[in-house]
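Remarks on the structure that follows.
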Amino acid sequence: MPTFANPVLAGSHPDPSICRAGEDFYLVTSSFAYYPGLPVFHSRDLVNWRPLGHVVHRPSQLSLNGLGISDGLWAATIRHHEGTFYVVVTLASGRRGSTTLLFTAHDPAGPWSEPTVLDAEGIDPSLFFDDDGRCWFTACRDAAEPEVTGPGELWMRELDLETLALTGPTHALWYGAMRGAWVEAPHLYKRDGVYHLIAAEGGTEHHHAVTAARSDTVTGPYATDPRSPLLTHRHRGAAEPIHNVGHVDLVDTPAGETWAVALGVRPVDGTHTLGREVFLVPVEWTARGPVFAPDTGRVRPAERLPAGLTPPARVTHPTAPVRDDFSGAALGPEWNSLRGPVDHLVSPRPGEQGLTVRLSPEPLTSTGTPAFVGRRQQHLRMRARTRIRFTAATPAHEAGLAVVQDHHHATLALTTDASGTPHVVLTARQTDSETRLAAIPVTNDDVVLTVDSDESGYTFHVEDGTGTTTLGSIDRPFFSTELAGGFVGVYVGLYGIGDAEAGEAHVHWFEYGPAC
Ligand code: 6LW
């Protein structure tokens with residue numbers, strides 16, 4: 001039986017939401033403080049996903065400035081109704097609380113509208129369009145009972161599609177199957193007249209699970225589906241390659257099947273670095289409700305193909321090294337900056353090849369917009385290389401490769417010593433500490449910098465006129481979510497730090513790919 005490989009969207013793509021319009025599927029994922037925000041992907045086969053653009057693609061829509069990397073845009077839901085695409089999302093601003101935003105578009109590739117702020121508390125907003133044309137907004141918020149841990153109440157209110165405002169009474173729908181263990185990510189579905197409320201419970205780590213409740217009326221009361229949890233890997237041991245599964249969204253195919261996208265992680269020795277990725281899971285509707293992965297009850301690394309959808313050659317993530325020589329007018333959609341556009345700092349050279357990185361005083365640990373662009377690490381065994389030319393005037397000026405996991409990161413940079421001899425320096429950084437791991441003189445200011453990652457960790461090399469030198473390695477857990485914290489996965493990219501007179505670096509090319 002032909003199969004596809006899970007995840008269908010590798011690397012840091014948490015909290016997936018999916019919808020269908022005709023023969024086309026669209027998917028959005030969380031993007032936190034990375035910019036542009038809320039990537040939108042397109043597929044005709046549920047297996048291969050092509051980046052279309054982003055919902056947040058203009059600074060006028062919102063500001064991410066001042067936010068931690070794992071604050072920002074959390075858990076969007078995408079829906080299509082009568083020719084309009086809707087995205088609702090939480091803008092989580094740390095201690096400043098959260099705001100619920102609604103965007104619309106006629107073309108999911110954009111442009112998307114300016115946001116409408118909804119009068120809604122909590123996180124994980126979703127929309128459900130009922131057969132009678134009414135639209136229902138759901139989300140999760142802290143429950144009234146103080147003993148309930150984290151978001152514990154799923155609630156609902158009608159969305160007026162004319163005014164794009166919530167209207168009518170608020171309905172408390174359900175408190176979860178496990179009474180308040182982080183009841184989140186509600187989505188509503190209707191089957192044979194029955195409303196199915198499907199949620200995530202247990203928190204987005206090891207105890208993550210899918211639970212459900214059902215009702216004959218959209219506003220409830222909802223009764224817990226006694227089969228809950230309907231999907232979880234929390235009882236599976238270390239041999240299971242996929243863990244933390246949950247946060248599902250369901251979609252029907254033109255062939256009449258139902259599939260779910262779910263988040264999951266691929267840990268090594270109990271920790272994961274790539275972030276929460278998108279997995280595809282078959283669903284079977286029965287009289288009692290949805291059955292996830294009916295054959296095995298688990299999210300599988302190799303899953304049968306959806307019926308009637310013949311996937312073309314794999315396009316979702318590179319199966320061989322891809323070299324970007326930056327010959328286009330703009331960076332591709334896989335490139336992200338932090339909190340806002342950096343065209344003024346990092347830009348292709350019109351009509352030429354190569355990327356200019358103008359150094360900025362902003363460190364990578366700042367909550368501003370440093371001179372940094374990165375792409376998600378999508379392969380555990382990975383190699384990223386770049387050829388860069390930079391003449392540092394002082395040891396305080398540096399430019400090169402960065403590996404970023406929330407507030408943990410490493411840099412492999414071209415700089416200079418006090419005598420003006422070009423050096424390459426390997427540094428590990430956290431918000432409040434910096435460790436220089438290695439520094440070697442190089443024969444010139446035009447070198448190739450390389451980082452290799454595998455189960456053991458990240459190893460850094462430099463190629464200059466004398467050949468290739470390995471500067472050192474950093475153990476993989478340093479770049480894991482378990483140690484670094486946060487909600488994101490590793491990004492690898494380019495950066496430059498220096499004062500206003502620091503000038504600019506020239507990046508000839510950047511290459512990323514799986515390592516054998
Ligand atoms: C998301 C919520 C969650 O909104 O993490 O742990 C948030 N649970 O579902 C960010 O991914």
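Note that ligands are numbered from 1 as they come in the structure, with each ligand's atoms numbered from 1 the same way.
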Open item on the list: D216: which residues meet the side chain to side chain contact (heavy atoms under 4.5 Å, CB included) condition with it, sequence neighbours left out?
Closed with: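 V194.
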Salt bridge between [X] and [Y], side-chain N to carboxylate O under 4.0 Å?
X	Y	value
R266	E277	yes
D454	R383	no
R191	D252	yes

Open item on the list: Please confirm whether R276 approaches ligand 1 to less than 4.0 Å, judged on its heavy atoms.
Closed with: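 It does; at least one heavy atom falls under 4.0 Å.
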Task: Any W182 heavy atom less than 4.0 Å to ligand 1 - done: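 Flag not set, W182 not near ligand 1.
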Task: Side-chain donor-acceptor pair present, E482, H272, cut-off under 3.5 Å - done: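 On atom types as modelled, these side chains qualify, holding a pair under 3.5 Å.
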- [ ] Ignoring angles and geometry beyond distance, decide whether D15 reaches within less than 3.5 Å of ligand 1 through its nitrogen or oxygen atoms.
- [x]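 Yes, at least one N or O pair falls under 3.5 Å.
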- [ ] Using a strict cut-off of 4.0 Å, indicate which atoms of ligand 1 neighbour a heavy atom of F32.
- [x]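 What qualifies from ligand 1 is 10 (C), 11 (O).
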Task: Those atoms of ligand 1 less than 4.0 Å from some heavy atom in H247 - done: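 In order of numbering, the contacting atoms are 9 (O).
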Open item on the list: Checking contacts here: is it the side chain or the backbone of T204 that comes within 4.0 Å of ligand 1, counting heavy atoms only? Could be both or neither.
Closed with: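 Near ligand 1, T204 shows its backbone as well as its side chain.
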How far is [atom] from the closest protein heavy atom, and which atom is that?
atom	value
atom 5 (O) of ligand 1	F487 CE2, 3.5 Å
atom 3 (C) of ligand 1	E184 OE2, 3.8 Å
atom 7 (C) of ligand 1	W74 CE3, 3.7 Å

TODO: Establish, yes or no, whether a centroid distance under 6.0 Å links the rings of Y491 and Y34.
DONE: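 They qualify: ring centres under 6.0 Å apart.
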TODO: With sequence neighbours excluded, give me every side chain to side chain donor-acceptor pair (under 3.5 Å) pair touching residues 220-238.
DONE: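 The answer is W174-T224, D225-R227.
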- [ ] For atom 4 (O) of ligand 1, state which one of N244, I123, D124 supplies the nearest heavy atom.
- [x]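 Closest candidate by heavy-atom distance is D124.
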